[in-house]
Structures are given as structure tokens and as C-alpha cells.
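Working notes, beginning with the structure itself.
Here the structure is a predicted model, which is why all the values come from computation and not from measurement.
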Amino acid sequence: MRILISTALVGTLLAACGSSGGSSGEPVPTTVSRNTPAVSWGCTDDFCGISYTEGVLELADLPKDADLAYGAFEGAGSSSGEMLFAVERLALGPGYSSTVSVALIRDEFGGTGVLYGRDFLSELPAGDTGYSGDYVGLVTNAANDNVIYVINGDASLSFDFGISSVLGAVGNRTVLGPSGDAAIGVTAGDVLMIGTVNSQGLFSGVTEGGDISAMSVTDAQDGTFDGLIAGPDGFWVVGGLDFVHSRTGDDYLETGAFYLED
């Protein structure tokens, strides 16, 4: 059974997890952070929190904003930070529970990053397996961290566990303004993902493509992506990517998060 849950900000996603899951007995990490000092997130009722470890633990209570519907969780924002895309899933079964989560965070320290994790992994799927789901990205000015665009898209990844490979793409990329308004006449090309996956369902690789039409003389540089497979039967995938859009005199960084299901 798969259900969507909202929880208070707790450390369950940060607990050590070296004793269960996987297919080779290697330690299974629970949390991966891309370009953000945030260490966890969670929601209670109409508010969400982001947890940091910068000297003293800080919690930012961010009200949900119905006008910023960027994913399965409606975007949350305030002057101290934003959580633009977040998904948390819990699977329950005889003798087990399994949780996976991912969040795209625009944090109070002026950075944009992706936080994702899992607390359990059983056997990986055998042979070829495909996943599809949602992608949300932020394009920021590398010089001042200002948000230029929000990008929604459809993501897909295919795994061949026989040769430890992963191939995928982010297509149907819709470009929005920084507050979620339509960016009229602005389009974004597909992003390709090529990489490898290991015996623990951890994967990484390089990205290609993703040009944005409004940026004349633009060139989307190759970037990187990573993520993990989770769930009792390996039916969830979460992760993130980033790459640079270059044009004369300026660089723009696209940072994105994705949530997929088998």
C-alpha cells in the first residue's frame, strides 16, 4: 500500500541505516544533500520546516502557499526561505515500513539545493526497469543567486541492472517566472541523463541539453545528476541534478529535483 504522509520535522530520515536493505550488505545512506546546508524537512498541518546545522539548529516554519503549486506538495515560501517541491512517501507491509522523500529547497542562506533520502531498501528490481514522474527546477543567476525561472517537467529513468546503467530524460519542460507566473514565449529543451547504478540502488551520471530559448547565445553545459532507488520492491526513485546555462557575460545555474515511480 502506498500513501502520502505529512509529518513533523523529525530526524527519522537522518538515522544511521547500515543494518537493513540493499542487495549486497553494504551500508545504505539515508540522506543526500546537493548544494544546500539543510539537513531535513517536514510538514505539520499548514506549515513546513527546514532544519539546518549552522552552529545552532534552526527551524524555519514556512506557510504553504496555494499559488505555488510546483509538485505533489504545494510550494511553501516566506522571507526566510522556500520549499518549492517536496514529496514524502510511506509504504507499509507485514513486518516492515519504508519511507522516501525529496525536496527542492531555496534556503535562508541564499542557496538552492536538493535534499533526498530513504530509510530502507529491499532487493532491487531485476533486469530492465523504468520509472516516470515529476521534475521541478530553479534557474538562478550565478552572480547574485536571484531566481530567474522555475521549470516544471516530466522525468523518466530506465535502469539496466545487468550492466549497471541508467538512462533518462526530463521532457515537456514548462518555464515559469520566479513567482510562478507564465514566462510567455520562453521554452526549454529536454535534458538527457546518462550514468551508472550500484548494488545499493545509488546512481549518478552526467546531463546533456536543456537550453532555454529566452537566453540568446545560450549554451546548456553538461552537468551532473544523482539519486537513489527506495521502497520494499524498489518502486520509488528520488534525486536531483544541476547544470549551468551560459551566455555572454552571465552564467545561470539550474538546480532540479525529481520524484519517480515504477
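Remark: the backbone N or O of Thr99 is paired with a side-chain donor or acceptor of Asp119 at under 3.5 angstrom. A donor-acceptor distance shorter than 3.5 angstrom exists from the side chain of Asp211 to the backbone of Ala220, with no hydrogens or angles considered. The closest donor-acceptor contact from the side chain of Arg173 to the backbone of Asp190 lies at 3.5 Å or more, if one exists at all. Side chain of Asn141 to main chain of Asp145: no donor-acceptor pair is present (N/O by atom type, distance under 3.5 Å, no hydrogens or angles). Side chain of Tyr131 to main chain of Phe235: no donor-acceptor pair is present (N/O by atom type, distance under 3.5 Å, no hydrogens or angles).
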Check your understanding: Between Asp242 and Thr255, is a side-chain hydrogen bond (donor to acceptor under 3.5 Å, both in side chains) present by the stated rule, with each step listed?
Key -> CA-CA 4 Å; Asp242 59 68; Thr255 305; 5.4 Å; no

Exercise for review: Apply ring pair (Phe, Tyr, Trp, His ring centres under 6.0 Å) to Phe159 and Phe203, showing your working.
Suggested key: CA-CA 10 Å; Phe159 295 84; Phe203 59 87; 5.2 Å; yes

Check your understanding: After noting the C-alpha distance and the side-chain angles of Asp251 and His245, does the key distance pass the side-chain contact (heavy atoms from CB on, under 4.5 Å) rule?
Key -> CA-CA 6 Å; Asp251 282 337; His245 298 271; over 6 Å; no

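Between Leu90 and Trp236, the shortest heavy-atom contact is C-CH2, 3.8 Å. In terms of heavy-atom proximity, Ser101 sits nearest to Val238 at O-CG2, 3.9 Å. Counting all heavy atoms, side chain and backbone alike, Leu104 lies closest to Ala257 at CB-CB, 4.0 Å. The two residues Tyr149 and Val175 have their closest heavy-atom pair at CD2-CG1, 3.4 Å. Heavy-atom minimum distance, Val114 versus Gly240: CG1-CA, 4.1 Å. Nearest heavy atom pair, residue Gly185 against residue Ser213, reads O-OG, 3.8 Å.
Atom CG of residue Asn152 and atom OG1 of residue Thr174 lie 6.5 Å apart, to the nearest 0.5 angstrom. Remark: Leu260 CG to Asp262 CG distance equals 10.5 Å, nearest 0.5 Å. For the atom pair CD (Gln200) and CG (Leu228), the distance works out to 10.5 Å, reported to the nearest 0.5 Å. If you take CE on Met193 and CG on Leu167, they are separated by 10.0 Å, rounding to the nearest 0.5 Å. Going from atom CD1 of Ile148 over to atom CD1 of Ile212 covers 9.5 Å, rounded to the nearest 0.5 Å. To the nearest 0.5 Å, atom OG of residue Ser204 and atom CG of residue Asn198 are 8.5 Å apart.
A side-chain contact (heavy atoms from CB on, under 4.5 Å) with Glu254 is found for one member of Leu138, Thr140, Val244, Ile151 and no other, namely Ile151. Tested against Phe243, the residues Val191, Thr224, Val206 include a single side-chain contact (heavy atoms from CB on, under 4.5 Å) partner, Val191.
Checking Asp154 against Asn172 by side-chain atom types alone, a donor-acceptor pair falls below 3.5 Å. Ser156 and Ser132 form no side-chain donor-acceptor contact under 3.5 Å, judged by distance and modelled atom types alone. With no hydrogens or angles considered, a side-chain donor-acceptor pair links Tyr259 and Arg89 at under 3.5 Å.
Looking at heavy atoms from C-beta onward, Ile229 lies in side-chain contact with Leu124 at the 4.5 angstrom threshold. Contact check for Val166 versus Phe225: side-chain heavy atoms found under the 4.5 Å cut-off. Taking the side chain as every heavy atom from C-beta outward, Phe258 and Leu157 approach each other to under 4.5 Å.
By the rule that hydrophobic residues join a cluster once side-chain heavy atoms approach within less than 4.5 Å of another member, Val170 and Leu253 end up as members of separate clusters. With hydrophobic clusters built from ILVMFWY side chains whose heavy atoms lie under 4.5 angstrom apart, Leu192 does not share a cluster with Val197.
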